[in-house]
Amino acid sequence: MKRELVAVSLILIIFALSLVNIRYVESRTDMLTNDVEAAEKLFINGDADAAISLVKESLDNWLSWEPYTHIMLRHSEVDLVTDAYYELLSKLQSEEEVPEAAYRRLKEQLRSISAMERITIGSIL
Amino acid sequence: MAIIFLRTIIIFLALLTAMRLMGKRQLGELELSELVITVLISDIAAHPLQDIGIPLMNGVLPIIILLCCELIISGIMVKSTRAKELLCGKPSFLIIDGVINQEQMKKNRFTPDELAEELRNQSVLDISKIKYAILETDGNLNIVLFPSERPVTAGQLQLETSDSGYPVIVINNGQIMKKNLSLIEKDEKWLQKELTARKVKSPKDVYLMSVNEAGQIYFAKSEDKK
């Protein structure tokens, strides 16, 4: 009976941790997405330097989160977000017109990470 | 993580149901849930090993969940016979009083030639000699012959038999099994004496030596040292 109780407890703990993980990933990706959206607004308003420093800060945040993401997420998804960050940053620094697609790509990559973890019929099946 | 959790549970239940529906012949010697766990774990564990892009957690977590499932299911089966019947099924009588139960044969997807093969495996060639042939939940076929066809036992003949008891290994591949030696209340001095009597200097020269409760010794010298 003891073994079964340990198994039930363990399975409940894993499920609870997985729910905590969903909340954590969502809050982190939401925070990063908000940074990107704010940088986009700053760039449109002509403050390119502030936009660059905000994207850099957001990228640092993302990179500081890497040990967690590499343990919990598929490495290919993590690499896609990192690539999208560097692409946006290089476009901002080149002082050209930054296409909306660069922002959208990064935001979509961030959203897809939290969407992958979210419990929906689609993601389960 | 939650997706892995739910996917693992879904796949586990799906495989369990599928194997249950497939019938007992697919099982071999494992119980149903054990087989499902074995199949799943071996496959799940391989993926993160082959693809380093997949976090190890994706392999480790499902294995822990599956083991928990197995523990819970085996616990339920011990407690409830109804649950055991539901998960593992019931033994099926394929032959009763020398007559093949065709309904059970069909239900278990057993063909006559497969039954004959199983019977030959157990050195039974004549179905009419079989009282019962029972297909167990682990897939094994057990045969009970009519009393008139069963081998005569010493008890039936009222013969006295001596029980030599369980043989205990005292030297295994050159290594002295000290625990076993003390179990039969002997010491290394005795062992050395027995070895000297067999013209062997060291236990390392012995492949296997066992002693039964009657004190009879089985001795095999190591071929490397011959």
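The model shown is predicted, which means the values in this text are computed figures rather than measured ones.
When heavy atoms are compared at a cutoff of 4.5 Å, A:Ile22 approaches chain B solely by way of its side chain, counted from C-beta outward.
For B:Gln122, the CD atom counts as densely surrounded, since its 6.0 Å shell holds more than 12 non-hydrogen atoms of other residues, nucleotides or ligands. No more than 12 heavy atoms of other residues, nucleotides or ligands lie within 6.0 Å of OH in A:Tyr86, so this atom counts as exposed by the packing criterion. The number of heavy-atom neighbours closer than 6.0 Å to OH of B:Tyr207, taken from other residues, nucleotides and ligands shown, is 12 or below. B:Met57 CE: 12 or fewer foreign heavy atoms inside a 6.0 Å radius.
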Anything under 3.5 Å between a donor and an acceptor, one on a side chain of residues 43-55 of chain A, the other on a protein residue two or more places apart or in another chain? List them.
{"from": "A:Asn45", "atom 1": "ND2", "to": "A:Lys41", "atom 2": "O", "distance (Å)": "3.2"}
{"from": "A:Asp47", "atom 1": "OD1", "to": "A:Ala50", "atom 2": "N", "distance (Å)": "3.3"}
{"from": "A:Ser53", "atom 1": "OG", "to": "A:Ala50", "atom 2": "O", "distance (Å)": "3.3"}

Under 3.5 Å, side-chain donor or acceptor atoms of residues 72-79 of chain A against the rest of the protein: list the pairs with distances, not counting sequence neighbours.
{"from": "A:His75", "atom 1": "ND1", "to": "B:Ile52", "atom 2": "O", "distance (Å)": "3.1"}
{"from": "A:His75", "atom 1": "NE2", "to": "A:His70", "atom 2": "O", "distance (Å)": "2.8"}

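Per-residue counts of heavy-atom pairs under 4.5 Å with chain B were compared for A:Ile14, A:Leu19, A:Val25; the largest is that of A:Ile14.
For residues 62-79 of chain B, a heavy-atom distance under 4.5 Å to chain A picks out B:Ile64, B:Ile65, B:Cys68, B:Cys69, B:Leu71, B:Ile72, B:Gly75, B:Lys79, given by residue number.
In this structure, the ring-ring contact (aromatic ring centres under 6.0 Å, His included) partners of A:Phe15, at least two apart in sequence or on a different chain, are B:Phe5.
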